[in-house]
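All remarks here apply to the structure that follows.
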Amino acid sequence: MSQSVAKLVTVAIPVYKSLAYLSEALKSVNLQDYPYIELIVSDNGMNGSKVRDLVCQHYFKPYKFRQNPTSVPVVEHFNQLIQAASGEYFVLLCDDDEISPNYVSELVSALEAHPSASVAISHQEVIDRASQVISTSTDKLLGLMTGQDFIRRWSLGQHGFKCFVTNLARTSEIRTLGGYPDFPRGFHSDSGLLMKLCLGRDVIVSKACTFRWRVHGTSNGDTTNVQDLTVATQQFMRFLLEDHHFQSFAKAHAQKWCFLQDDLVSLEWNIYVRKWQSALGRELSVQEKLKAALSMPLVLRYYRRHPRLWIKEFLPMFHKMYRQARYRGA
């Protein structure tokens with residue numbers, strides 16, 4: 001990267017109660033080859049001196065430390081970090097995730113080269129507790145694309161991304177968009193912000209650097225219950241209709257919005273069903289899955305792509321309900 005690009009980048013690490021992987025997140029920031037980084041570490045778990053001690057042990061450059069006197073909801077904490085940022089660019093890095101040493105330099109260069117783009121996204125690796133790679137995003141969809149094309153491909157599952165909590169965007173644009181939208185337990189909040197960044201703008205996807213998203217069963221997303229997930233998804237559907245940024249785009253680009261809204265609804269429905277089919281699905285009965293499914297608007301595209309959901313689970317349940325109703329009514 002050209003050293004003439006001297007833009008300050010804020011990398012913000014929100015911390016709650018689990019500190020098991022914080023050292024790895026800090027090391028990955030410490031190894032960045034980009035010299036203009038403002039690291040902010042924020043303790044939202046009332047951990048006393050533990051977090052600051054870990055930062056001192058694993059990060060050897062100047063940094064900022066903040067600590068909430070009492071814990072606040074996760075989305076409020078994320079937005080506190082946006083407001084605290086001094087950098088022209090902003091990266092949120094959760095305390096159990098990692099970024100490659102060239103993550104900041106590559107994505108800053110990409111956005112500087114393409115002012116039409118509002119956000120830059122790296123290659124993604126999903127890692128387990130032992131940092132072993134479980135899955136990766138595809139390398140087939142790279143470079144500059146319109147935000148609408150990015151969302152369409154996202155809704156069709158063509159990216160292979162599992163999480164969008166970490167990317168690089170301009171801090172001023174994130175603030176203008178209102179930061180992270182507030183949904184229960186923060187579910188869909190990172191997706192909601194990314195979707196607004198895509199409105200009428202371009203998106204850059206780069207394979208030159210990597211975001212490593214850790215899955216270990218105890219993170220905020222992993223411990224979300226089905227009730228929070230359902231309420232968050234219902235609120236997201238209203239968010240698409242009520243948020244003034246979406247309303248303004250719909251008014252100015254009615255035809256584009258018609259297609260884009262369908263993609264956004266399908267996308268959130270995909271995320272919702274995938275979540276309770278995997279992590280949440282193991283603790284749900286078929287009746288509970290059916291109730292969860294019927295809590296959302298019907299998206300035919302999803303069921304055309306996943307007919308087994310009806311054939312193996314829901315159709316037998318509908319048949320059972322029909323027989324029970326008929327028997328009781330006889």
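Within a 6.0 Å radius of NZ in K17, other residues, nucleotides and ligands contribute more than 12 heavy atoms.
Here the OG-CD distance, from S135 to E125, works out to 9.5 Å after rounding to the nearest 0.5 Å.
Listed by first and then second residue, the salt bridge (Lys or Arg N to Asp or Glu O under 4.0 Å) pairs that reach into residues 64-90 are K7-E88, E38-K64, sequence neighbours excluded. The salt bridge (Lys or Arg N to Asp or Glu O under 4.0 Å) pairs that include a residue from residues 229-258 are K196-D243, where partners are two or more places apart or lie in different chains. Residue pairs that meet the salt bridge (Lys or Arg N to Asp or Glu O under 4.0 Å) test with at least one member in residues 173-182, sequence neighbours left out, are R170-E173, E173-R201.
Among N167, I82, L168, the single residue meeting the side-chain contact (heavy atoms from CB on, under 4.5 Å) criterion with F90 is I82.
Residues C94 and F78 share a closest heavy-atom pair of SG-CZ, 4.4 Å. Pairing each heavy atom of P14 with each of L81, the nearest pair is CB-CD1, 3.7 Å. Heavy-atom minimum distance, L199 versus F246: CD1-CD2, 3.7 Å.
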Practice task
Walk me through it: do I13 and L26 pass the test side chain to side chain contact (heavy atoms under 4.5 Å, CB included)?
Solution key: CA-CA 8 Å; I13 301 181; L26 291 166; 4.0 Å; yes
Practice task
Could you please spell out the steps behind the side chain to side chain contact (heavy atoms under 4.5 Å, CB included) verdict for F150 and L194?
Solution key: CA-CA 11 Å; F150 177 83; L194 178 57; 4.1 Å; yes
Problem - From CA spacing to verdict: side chain to side chain contact (heavy atoms under 4.5 Å, CB included), V9, Y36 - result: CA-CA 6 Å; V9 177; Y36 310 108; over 6 Å; no
Handout entry: side chain to side chain contact (heavy atoms under 4.5 Å, CB included) between M145 and V205, worked out
Key = CA-CA 8 Å; M145 68 185 77; V205 180; 4.1 Å; yes
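Under the 6.0 Å cut-off for aromatic ring centres, Y16 and Y21 do not qualify, their centroids lying 6.0 Å or more apart. For F239 and F236, the gap between ring centers is short of 6.0 Å.
Looking only at distances, no side-chain donor or acceptor of S42 sits under 3.5 Å from a matching main-chain atom of Q67. Within the 3.5 Å criterion, the main-chain N or O of S71 finds no donor-acceptor partner in the side chain of N68. Remark: the backbone N or O of E106 is not paired with any side-chain donor or acceptor of N102 at under 3.5 angstrom. Listed for the S189 side chain is a donor-acceptor partner under 3.5 Å among the backbone atoms of P181. N44 places a side-chain N or O within 3.5 Å of a backbone atom of V72 that can act as its donor or acceptor partner.
Donor-acceptor pairing under 3.5 Å is lacking for the side chains of H159 and T138. For the residue pair T233 and H188, a side-chain donor N or O sits within less than 3.5 Å of a side-chain acceptor on the partner. Between the side chains of D33 and S105, at least one donor-acceptor pair of N or O atoms lies under 3.5 Å. Side-chain polar atoms of Q148 and D263 form no donor-acceptor pair below 3.5 angstrom.
Ring orientation note: the planes of Y59 and Y63 are nearly perpendicular, at an angle over 60° on the 30°/60° scale. Ring-plane geometry between H253 and F249 is classed as tilted, the angle between the planes lying from 30 to 60 degrees on a 0 to 90 degree scale.
Note on D96 versus R214: no salt bridge recorded, every NZ/NE/NH1/NH2 to OD/OE distance being 4.0 Å or above. A salt bridge is defined here as a Lys NZ or Arg NE, NH1 or NH2 lying under 4.0 Å from an Asp or Glu carboxylate O, and K207 with D139 fails to meet this definition.
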